[in-house]
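A quick write-up on the structure given underneath.
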There are 2 protein chains.
Amino acid sequence: MPVTIHDVAQRAQVSASTVSRALSASHLVRGTTRERVLAAARELGYQPNPAARSLITGRTGNIGIVVPDLNNPFYTGVLRGVQSRARQGGYAVFFADGEEDPVAEEALVRAMSRQVDGVVVCAPFASDAQLRSLAGLTSLTLLNRRLRDIPAALMDSAGGMRQIVDHLAALGHRRCAYLNGPNNAWSNRERRRGLRAAASRARMAVVEFGPFEPKFEGGVQAADLALADGVTAIIAYNDLMALGVLSRLADRGVAVPQEMSVVGFDNLLYAAVCAPPLTTVAMPMEAGGRAAVDLLLSGIDGTGDGAGPHRELPTNLIVRATTAAARSRSARPHVDNRRPAAGHAASGPTAAAVHRPSGGRSAALPE
Amino acid sequence: MPVTIHDVAQRAQVSASTVSRALSASHLVRGTTRERVLAAARELGYQPNPAARSLITGRTGNIGIVVPDLNNPFYTGVLRGVQSRARQGGYAVFFADGEEDPVAEEALVRAMSRQVDGVVVCAPFASDAQLRSLAGLTSLTLLNRRLRDIPAALMDSAGGMRQIVDHLAALGHRRCAYLNGPNNAWSNRERRRGLRAAASRARMAVVEFGPFEPKFEGGVQAADLALADGVTAIIAYNDLMALGVLSRLADRGVAVPQEMSVVGFDNLLYAAVCAPPLTTVAMPMEAGGRAAVDLLLSGIDGTGDGAGPHRELPTNLIVRATTAAARSRSARPHVDNRRPAAGHAASGPTAAAVHRPSGGRSAALPE
DNA sequence: TTGAAAGCGCTAACAG
DNA sequence: CTGTTAGCGCTTTCAA
């Protein structure tokens with residue numbers, strides 16, 4: 001049977017209200033009394049009952065986070081950032097894994113909404129309408145998703161793409177492949193947008209493939225398609241796919257980076273330790289998590305600092321060992337099987353769409 | 001201003017208690033009344049206030065989990081299992097990352113204790129006393145940690161080691177290295193124990209190194225030591241270290257598995273996709289998380305099924321491409337630098353201790 | 001500066 | 001089967 005505020009009051013010879021004040025609004029109570037109360041509380045090991053407190057104050061001291069997939073190290077990085085910042089601010093965190101299902105995500109937020117003061121939502125697949133409806137239930141902050149009037153921490157994917165393109169262009173690459181992640185994911189649209197813009201400026205041709213599952217297997221699948229096209233560099237939607245590409249290229253006897261350059265996105269731990277170490281764009285995962293919490297709490301505490309509700313975090317290219325000067329077009333000793341026919345490949349989910357520097361947009365991949 | 005039970009009562013033309021009953025103990029209320037109440041609740045979008053409910057019932061409907069390091073994919077696997085099972089049981093989950101600091105871990109559990117019905121604790125470094133003291137605050141279930149009277153989900157590390165030893169022995173390996181993880185981690189002690197027992201039975205010599213940081217870098221560091229000793233196989237405390245070993249061996253020009261076999265532990269995603277794919281022991285991470293929650297809830301709901309409080313989950317060896325028949329001792333073309341002197345190496349944290357089949361225990365690594 | 005009293009929203013006796 | 005009553009532990013008026 002836990003100790004209550006009355007036990008403390010009795011031991012300190014004061015009323016419960018005085019104990020309450022001594023604990024939360026200490027300036028309203030005389031110094032000596034406060035000492036006495038605090039001592040009593042310590043001796044008894046008193047811990048306020050959060051339910052009772054929350055019942056009257058209307059605040060819970062908790063925040064929530066929902067992520068689409070805990071197996072993806074990207075989100076565990078975000079989770080770390082969220083948790084550490086929340087703890088600093090005295091908040092505990094509720095956690096839920098939506099398992100990439102938008103309806104589960106919505107249900108989870110709904111379930112949480114009564115016991116948190118706000119929630120950080122990583123929901124690349126949820127619809128705008130869903131998100132807005134959730135915003136009616138509790139304070140929301142989005143991660144990597146831009147929605148008018150809803151605060152969000154954004155990572156500058158487009159800027160990362162620009163850095164990739166500049167890097168590859170400087171190495172003499174004129175024609176690159178982009179392996180799309182899920183078409184309905186904000187990050188993929190953002191990366192593709194940044195890529196098209198940068199490629200157009202750099203007069204680099206981009207051949208698009210996909211969408212693919214943003215995992216190792218997706219990369220394996222994609223590698224063959226890119227190889228058949230004759231590009232000199234492959235830009236993957238994320239590191240997991242890039243790892244799949246590397247694996248497949250190794251199997252096919254294509255030397256990286258001599259015969260093919262490969263770039264990923266995210267800078268997961270494994271990008272640094274695979275062989276050869278992967279050139280990739282570092283996404284500020286923990287910083288993103290922290291920023292999301294800051295935004296959320298500043299909304300909750302009313303300490304909104306007048307800055308707009310969207311905070312954009314910089315990304316930066318990490319050049320490792322999978323990118324090098326473009327090979328000459330003739331030297332491809334080990335590659336034996338090509339894509340069968342160009343016409344047929346234009347349909348279905350793995351169709352390629354050449355995006356020319358002119359800026360024209362392919363019909364196969366409308367945005 | 002959220003809708004309360006009274007709003008529903010008014011709309012359904014009943015008292016608040018009837019609403020309450022209709023919602024939680026529906027058999028105590030007439031069918032037609034229940035319908036009416038449920039309809040009213042739905043129309044109003046009523047969601048019970050968990051704080052008020054918990055205040056009177058004394059239960060929160062939440063459980064907590066604390067992990068030592070969210071960057072370790074092992075724990076994110078556990079987290080997934082915990083979350084999915086908790087959700088099935090209607091529980092929400094509080095989450096905290098102890099960041100490998102035992103005092104932080106304790107503080108986190110303490111902070112959680114008032115707003116959860118129990119917590120799953122992954123605390124390889126906390127002392128027994130700390131854990132017992134926490135068990136006084138709230139229901140606890142441990143993961144991979146055996147403590148009398150406290151329920152725990154255990155993974156059979158020792159059994160995994162036995163499988164490794166049998167596998168290597170069958171391949172003709174007579175002398176293997178074990179790279180210790182943290183000495184105070186339960187899993188490491190357990191693995192070492194299983195290894196010694198199995199090696200003794202198989203008449204295999206085991207040379208121990210470490211302890212090392214259970215990460216990629218630790219494996220890199222350890223690889224050189226093991227190489228200098230002339231073993232034909234290296235068993236790493238976990239996959240992260242094994243990956244470091246593979247990387248270092250590749251740098252040193254040692255062919256895996258021809259010249260050296262390598263085995264990991266955990267079966268992380270990356271063990272399957274690295275090159276060459278890693279032979280390792282699969283730890284049932286999600287199943288462990290689910291089992292821990294089952295244990296916890298069966299204690300909470302009083303549905304303890306009479307089974308002892310410790311549930312042991314099986315592990316199994318996944319043979320991939322980093323293990324092969326032992327090389328003959330003479331063929332080591334690429335290895336150039338050896339460990340300087342045997343005597344000196346017996347002190348300090350990276351000392352080696354040969355564990356002979358006799359079962360004698362080395363003084364350098366007391367248990 | 002302190003205490004008494006009145007709830008926050010809900011559930012659990014206890015009557016009817 | 002349903003309504004009335006009495007709190008759960010805390011904070012917050014309002015008086016003193």
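Each chain gets a letter, A, B and so on, in the order the sequences are listed, and its residues count up from 1.
- B/Ser20 and B/Ser17 share no side-chain donor-acceptor pair at under 3.5 Å.
- Between A/Arg53 atom CZ and A/Thr60 atom OG1 the span is 12.0 Å, to the nearest 0.5 Å.
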Donor-acceptor contacts under 3.5 Å from residues 29-36 of chain A side chains, at least two apart:
| unit_1 | atom_1 | unit_2 | atom_2 | d |
| --- | --- | --- | --- | --- |
| A/Arg34 | NH1 | A/Ser26 | O | 2.8 |
| A/Arg34 | NH1 | A/Val29 | O | 3.4 |
| A/Arg36 | NH1 | A/Ala12 | O | 2.4 |

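- Note on A/Arg145 versus A/Asp128: salt bridge recorded, some NZ/NE/NH1/NH2 to OD/OE distance being below 4.0 Å.
- Nucleic acid contact class of A/Thr33 (heavy atoms, under 4.0 Å, all strands): sugar-phosphate only.
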Task: Contact pattern, 5' to 3', of nucleotides 8-16 of chain D - B, S or - by protein heavy atom under 4.0 Å - done: BBBBBB---

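- Where DNA chain C meets chain B (any atom under 4.0 Å from a heavy atom), the bounding nucleotides read 5' to 3' are C/dG9 to C/dA13.
- Between the CG atom of A/Asp97 and the CZ atom of B/Phe95 there is a distance of 12.5 Å, given to the nearest 0.5 Å.
- Side-chain contact check for B/Ser133 and B/Arg110: at least one donor-acceptor pair (N or O, by modelled atom type) lies under 3.5 Å.
- Atom-to-atom distance recorded for A/Leu147:CG and A/Leu140:CG is 9.5 Å, nearest 0.5 angstrom.
- Counting non-hydrogen atoms of neighbouring residues, nucleotides and ligands closer than 6.0 angstrom, the CD atom of B/Glu99 exceeds 12 such neighbours.
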